[in-house]
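First comes the structure, then the notes that go with it.
Residue indices begin at 1 and follow the sequence shown. Below, each value reflects all heavy atoms present in this structure, side chains not excepted, and no hydrogens, waters or symmetry copies.
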Amino acid sequence: MNKKIRTEAVDSLFDAVLSLESREECYNFFEDLCTVNELLSLSQRFEVASMLRERKTYLEIAEKTGASTATISRVNRSLNYGNDGYDLVFERMDK
C-alpha cells in the first residue's frame, strides 16, 4: 500500500464506503462524491480489469469500453504488480 494515501481523510472515506448497505446507497453517495466523469472512469477501469482477467486483447477492451491503451496498460500493471485489490474483489464477487 502506498504510504502517501494512508491518511485520516482516506481512512474516513473508506469507513464511509464500508458503511453503505445497498447499491442504491452507493449510487446516492458516489453521485454526491464524484463527478459523472470520475464515476464513469472508475467503472471503466473496473470493467477493463474484468476483461483483462478474461484474457481479452487490448483491442477488444478498447473497442468495448472506449478505454485508451494507456488506461488498459495501467490497469494491467495493477493486476500484475499491484496490491491484489482487484483479485480480492473479483474473488468475492464470484461467490
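Other residues, nucleotides and ligands contribute over 12 non-hydrogen atoms within 6.0 Å of the CD atom of E54. The local environment of CZ in R74 is sparse, with at most 12 non-hydrogen atoms from other residues, nucleotides or ligands closer than 6.0 Å. Remark: F90 CZ is packed, more than 12 non-hydrogen atoms of other residues, nucleotides or ligands lying under 6.0 Å away.
Considering CD of E8 and CG of D15, their distance stands at 11.0 Å, rounded to 0.5 Å. With rounding to the nearest 0.5 Å, the separation of CG in L40 from CD in E47 is 11.0 Å. Between the CG atom in D94 and the CD atom in E91 there is a gap of 8.0 Å [rounded to 0.5 Å].
For the residue pair V48 and A67, the shortest heavy atom distance occurs at CG2-CB, 3.8 Å. Looking at every heavy atom in both residues, F29 comes nearest to A16 through CZ-CB, 4.1 Å. When every heavy atom of Y58 is checked against every heavy atom of N76, the shortest pair comes out as OH-ND2, 3.4 Å. Minimum interatomic distance between I72 and A62 (heavy atoms only, all atoms of both residues): CD1-N, 3.8 Å. E60 approaches M51 most closely through the heavy-atom pair O-CE, 4.1 Å.
Criterion: ILVMFWY side-chain heavy atoms under 4.5 Å apart, direct or through other members. Under it, L18 and V10 are not part of a common hydrophobic cluster. Residues L20 and L13 share a single hydrophobic cluster, defined by chaining ILVMFWY side chains whose heavy atoms lie under 4.5 Å apart. Clustering ILVMFWY residues whenever any of their side-chain heavy atoms sit less than 4.5 angstrom apart, transitively, puts L42 in a cluster other than the one holding L88.
Annotation: side chain of R45 is in contact with side chain of Y86 (closest heavy-atom distance under 4.5 Å). Contact annotation: the side chain of E31 never approaches that of V36 to less than 4.5 Å [non-hydrogen atoms, C-beta and beyond]. Put simply, the side chain of L33 does not reach to within 4.5 Å of the side chain of L39, judged on heavy atoms. Taking 4.5 Å as the limit, every side-chain heavy atom of K56 sits out of range of all side-chain heavy atoms of K64.
With hydrogens and angles ignored, the 3.5 Å screen pairs a side-chain donor or acceptor of T65 with a backbone N or O of I61. Between the side chain of E38 and the backbone N or O of T35, at least one donor-acceptor pair lies under 3.5 Å.
Under the side-chain hydrogen bond (donor to acceptor under 3.5 Å, both in side chains) criterion, S41 pairs with no residue, sequence neighbours left out.
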- Message: I'd like to know whether F46 forms a side-chain contact (heavy atoms from CB on, under 4.5 Å) with V75, so could you lay out the CA-CA distance, the side-chain angles of the two residues, the decisive distance to 0.1 Å, and finally the verdict.
- Response: CA-CA 8 Å; F46 191 72; V75 171; over 6 Å; no

